[in-house]
Number of protein chains: 2
Amino acid sequence: MTVRRSAEGRPDRALALLWRNHRPLAVKAKGRRPSLDVDEVVATGIRLADSDGLTAASMGGVAKELGVGTMTLYTYVPSKDELLELMVDQVLGERELPGPDQRPAGWRAQVALYADETRAMFRRHPWLSQVSPIRPPVGPGMLAGREYLLAVMSTLALSPRDINIAAVTVTSYVDSAASLAAESALIERTTGQSHDAWWTDRSELWETYFDVERHPAMTAVWNAGGFDAGPVDVAAESYQYGLERLLDGIEAKAGPAMT
Amino acid sequence: MTVRRSAEGRPDRALALLWRNHRPLAVKAKGRRPSLDVDEVVATGIRLADSDGLTAASMGGVAKELGVGTMTLYTYVPSKDELLELMVDQVLGERELPGPDQRPAGWRAQVALYADETRAMFRRHPWLSQVSPIRPPVGPGMLAGREYLLAVMSTLALSPRDINIAAVTVTSYVDSAASLAAESALIERTTGQSHDAWWTDRSELWETYFDVERHPAMTAVWNAGGFDAGPVDVAAESYQYGLERLLDGIEAKAGPAMT
DNA sequence: ATCAATTCTCGTAGGGTATACGAGAATTGA
DNA sequence: TCAATTCTCGTATACCCTACGAGAATTGAT
C-alpha cells in the first residue's frame with residue numbers, strides 16, 4: 001500500500017523548500033545559529049529509509065540519528081509529509097538523464113536509458129514504492145524527468161498533445177513497473193522469504209482448494225508448461241515484453257522518428 | 001503509498017479463511033456461541049473503508065461498528081493484515097467476469113470487459129489503491145481474475161509461456177492504471193481539492209522557479225499548446241492510448257486470434 | 001556593557017494505531 | 001452438577017505525529 005501525503009497548507013513554502021538551491025538565499029544575521037540545515041535532515045531521512053525502511057524515517061528516528069530533540073526538526077521542515085516530499089524529489093534528481101547533446105542515438109535507446117535510471121533509483125531507494133506518485137513533489141528532480149521524456153517523444157512525428165500523452169504513458173508504465181519490482185524486492189528482504197518460498201508455503205491451494213473445472217484455462221496453461229520457470233522471472237520478462245509492445249504500438253501509430 | 005502486509009505466520013489458516021465457503025464446514029456444538037461470523041467482520045471492514053477510508057477500517061473501528069470489544073475480532077480473524085486480505089479477495093470476486101459461453105466476441109472486447117470491471121471495482125473501493133498488489137490474497141476472487149485473462153490470451157496464437165506473460169502484462173497495466181485513477185479520485189475527495197486547483201496553487205513554480213533554458217522540450221510543448229486542456233483529462237487519455245498501443249503490439253507479435 | 005529582538009531548541013501532553021495476556025462468561029455433554 | 005470448551009474484552013505496552021510554550025543563544029543598537 002501507499003503512503004498518503006495530505007494536503008500541505010502552504011504551497012509557496014513547499015516550493016521554496018523544494019527549490020531551495022535555485023538562488024543563493026540572503027544571509028540572515030540575527031538570532032540563534034541553526035545547528036543543522038535542510039539538506040542534512042533530508043539526507044538523514046533518505047539514509048534511514050534506505051537501510052531500515054520508510055518507517056525508520058520517522059521524525060523521532062531522524063532526530064535521534066542527528067542527535068537532536070524530535071521537535072527541533074520542525075525548525076527545518078514544516079511536517080513529516082513535507083520531509084517526505086523533499087526526500088522524493090532529492091532521489092528523483094539523482095537520475096542521470098543527459099542533456100540534448102549527450103543522449104544516445106534513437107528514441108528507443110533514450111527511453112531505455114530513462115527506464116534503466118528509474119529502475120536503478122527504485123533499487124537504491126525501495127521505499128519509493130511506498131510513496132504515492134499522485135501529486136508528486138513539484139521540484140527540480142521531478143521536472144528533470146519530465147523534461148527528458150518530453151524531449152524524447154518530441155523526436156517522433158506526433159502532435160504536441162500526443163507528445164505529452166505518449167510521455168505520460170511511458171512514464172506511467174516504466175515508473176509503475178519499477179515501483180512494483182522494487183516493492184517485490186523489498187518484501188523479499190523484509191520478510192526474508194523469496195517469492196518461490198511464498199508460493200511453496202501455499203501449495204495447499206492446489207491440493208485442497210483449487211477446482212480444475214472452474215479454471216480450465218489456467219489448468220490448460222499449467223499442463224502445457226506455461227507456468228514453468230523460465231530463464232528470467234515472469235515479472236521481469238513481462239516488464240520487458242510490455243514495454244517493447246508499447247513502444248511498437250507508439251511507433252506504428254506515429255510514423256518513424258524525425259531525427 | 002501502499003499498505004504493507006507483513007508475512008503471516010500460518011498460510012494454511014489464511015487459506016482456510018479465504019476459501020471458507022468452498023466446502024460446508026462441520027458444525028461444532030461445544031462452547032459458547034459466537035455472536036458474529038467472518039463474513040460480517042469482512043463486510044463491515046469494507047463498508048467502513050468505502051465510506052471513511054482505509055484508516056477507518058481499524059480493528060477498533062470495525063469492533064465499535066459491530067458493537068463489540070476490539071479484542072473480540074481476534075476470535076474471527078488472526079490479525080489486521082489477514083482481515084485486509086479477506087477484504088481484498090472479497091472485492092476482487094465482485095467483478096463480473098463471464099464464463100466461456102457468455103464472453104463478448106473478440107479478444108480485445110474481452111480485455112476491455114476485464115478492464116471495465118476492474119476499474120469499476122477500484123471506483124467502488126478506492127482504498128484498494130492503498131493495498132500492495134504484491135503477494136495478493138490467494139483466494140477465489142484473485143483466481144477468478146487470472147482465469148479470465150488467461151482464457152482471453154489463450155485465444156491468441158501464443159506459446160503457453162507467452163500466454164502467461166501476456167496475461168501478466170495486461171493485468172499489471174490495467175490494474176496499475178485503475179489503481180492510480182482510483183487514488184487520484186480518492187485524493188480529490190479527501191482533500192476537497194481538484195487537480196486543477198492543486199496545480200493553480202503551484203503557479204508560482206512557473207513565475208518564480210521554472211527555468212526555460214533548462215527545459216526546452218517542455219517549453220516547446222507548452223508553447224505549441226500540448227498542455228492545454230483536451231476533451232478528456234490527460235490521465236484517462238493516456239490510459240486508453242497506452243492500452244490500445246499495448247494490445248496493438250501484442251497482436252502484431254502474435255498473429256491474429258484463433259477463434 | 002546592557003538589553004530588546006530574533007531565532008533555534010526541545011520536553012510535555014494528547015490522540016491515534018495493533019495486539020499479548022489473562023480473567024471471566026456462556027454453553028454443552030457426561 | 002461439573003469439567004471442558006469456546007467466546008468476550010479490559011488493561012497494558014509501544015509506537016506514531018505535532019501543538020504549545022518556556023528557555024537558550026545570538027545579534028545590533030544604545
Side-chain angles (χ1 to χ4, degrees), chain A residues 1 3-10 13 17 25-41 45 48-49 52-87 127 130-131, chain B residues 1-10 13 25-38 40-41 45 48-49 52-87 127 130-131 190:
Chain A
M1 106 200 174
V3 170
R4 172 59 27 74
R5 287 168 288 107
S6 66
E8 327 81 41
R10 281 143 231 85
R13 165 113 201 240
L17 270 171
L25 39 131
V27 274
K28 302 209 169 184
K30 249 182 204 169
R32 182 170 176 172
R33 286 299 173 72
S35 59
L36 306 170
D37 63 27
V38 179
D39 288 326
E40 239 177 316
V41 175
L48 284 178
D52 299 327
L54 194 54
T55 59
S58 65
M59 297 303 271
V62 172
K64 178 172 283 182
E65 182 76 8
L66 287 166
V68 301
T70 304
M71 293 313 292
T72 299
L73 296 189
Y74 287 89
T75 305
Y76 301 93
V77 294
S79 70
K80 172 77 195 298
D81 287 348
E82 201 84 45
L83 171 56
L84 188 54
E85 289 220 340
L86 295 171
M87 290 165 57
W127 48 271
Q130 290 166 263
V131 183
Chain B
M1 104 191 191
T2 318
V3 170
R4 172 58 29 75
R5 287 168 288 108
S6 65
E8 326 81 41
R10 281 144 230 84
R13 165 112 200 240
L25 40 131
V27 276
K28 302 208 169 186
K30 249 183 205 167
R32 182 171 177 172
R33 286 300 173 71
S35 59
L36 306 169
D37 63 27
V38 179
E40 240 177 317
V41 174
L48 283 178
D52 299 328
L54 194 54
T55 58
S58 64
M59 296 303 270
V62 173
K64 178 172 285 183
E65 182 76 8
L66 286 166
V68 300
T70 305
M71 293 313 292
T72 299
L73 296 188
Y74 288 89
T75 305
Y76 301 94
V77 293
S79 71
K80 172 77 196 299
D81 287 348
E82 201 85 43
L83 170 57
L84 188 55
E85 289 219 339
L86 294 171
M87 289 164 59
W127 49 270
Q130 289 166 264
V131 183
T190 54

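Owing to the predicted nature of the structure, the values given are computational and were not obtained by experimental measurement. To find a chain, count down the sequence lines: A is the first, B the second, and so on, and within it residues start at 1.
Regarding Asp81(A), its CG atom lies at a distance of 16 Å from the P atom of dC16(D), rounded to whole Å. Atom CG of Leu36(B) is separated from atom C1' of dT8(D) by 10 Å (rounded to the nearest Å). As a whole-Å value, the separation of Glu82(A) CD from dC17(D) P is 15 Å. In this entry the distance linking CG of Asp52(B) with P of dG16(C) reads 14 Å, nearest Å.
Separation of atoms CG (Leu48(A)) and OG1 (Thr55(A)) is listed at 10.0 Å; rounding is to 0.5 Å. Distance check: Leu73(B) CG to Glu82(B) CD gives 13.5 Å after rounding to the nearest 0.5 Å. Here the CG atom belonging to Asp81(B) is positioned 11.0 Å from the CG atom belonging to Leu86(B), to the nearest 0.5 angstrom. We find the CE-CH2 distance between Met87(B) and Trp127(B) to be 4.0 Å, quoted to the nearest 0.5 Å.
Summarising the geometry of Gly69(A) relative to Ala63(A), their closest heavy-atom pair is O-CB, 3.7 Å, with the distance given to 0.1 Å. Considering every non-hydrogen atom in both Val62(B) and Val41(B), the closest pair reads CG1-O, 4.2 Å.
Checking the phosphate oxygens (OP1, OP2) of dA18(C), a side-chain nitrogen or oxygen of Lys80(B) falls inside 4.0 Å. One finds no side-chain N or O of Arg33(B) lying less than 4.0 angstrom from the OP1 or OP2 phosphate oxygen of dT8(D).
In the set dC16(D), dT8(D), dA24(D), the nucleotide with an atom closest to the side chain of Arg32(A) is dA24(D).
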How would DNA chain D look in dot-bracket form, 5' to 3', counting Watson-Crick and G-U wobble pairs with both distances under 3.5 Å and writing | for bases paired to another strand? ||||||||||||||||||||||||||||||

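For the segment residues 59-76 of chain B, residues with any heavy atom less than 4.0 angstrom from an atom of DNA chain D are, sorted by number, Val68(B), Gly69(B), Met71(B), Thr72(B), Thr75(B), Tyr76(B).
Listed by chain and number, the residues in a side-chain hydrogen bond (donor to acceptor under 3.5 Å, both in side chains) with Glu65(A) are Arg47(A) (sequence neighbours excluded).
With a 4.5 Å cut-off on side-chain heavy atoms, Leu54(B) and Leu84(B) count as touching.
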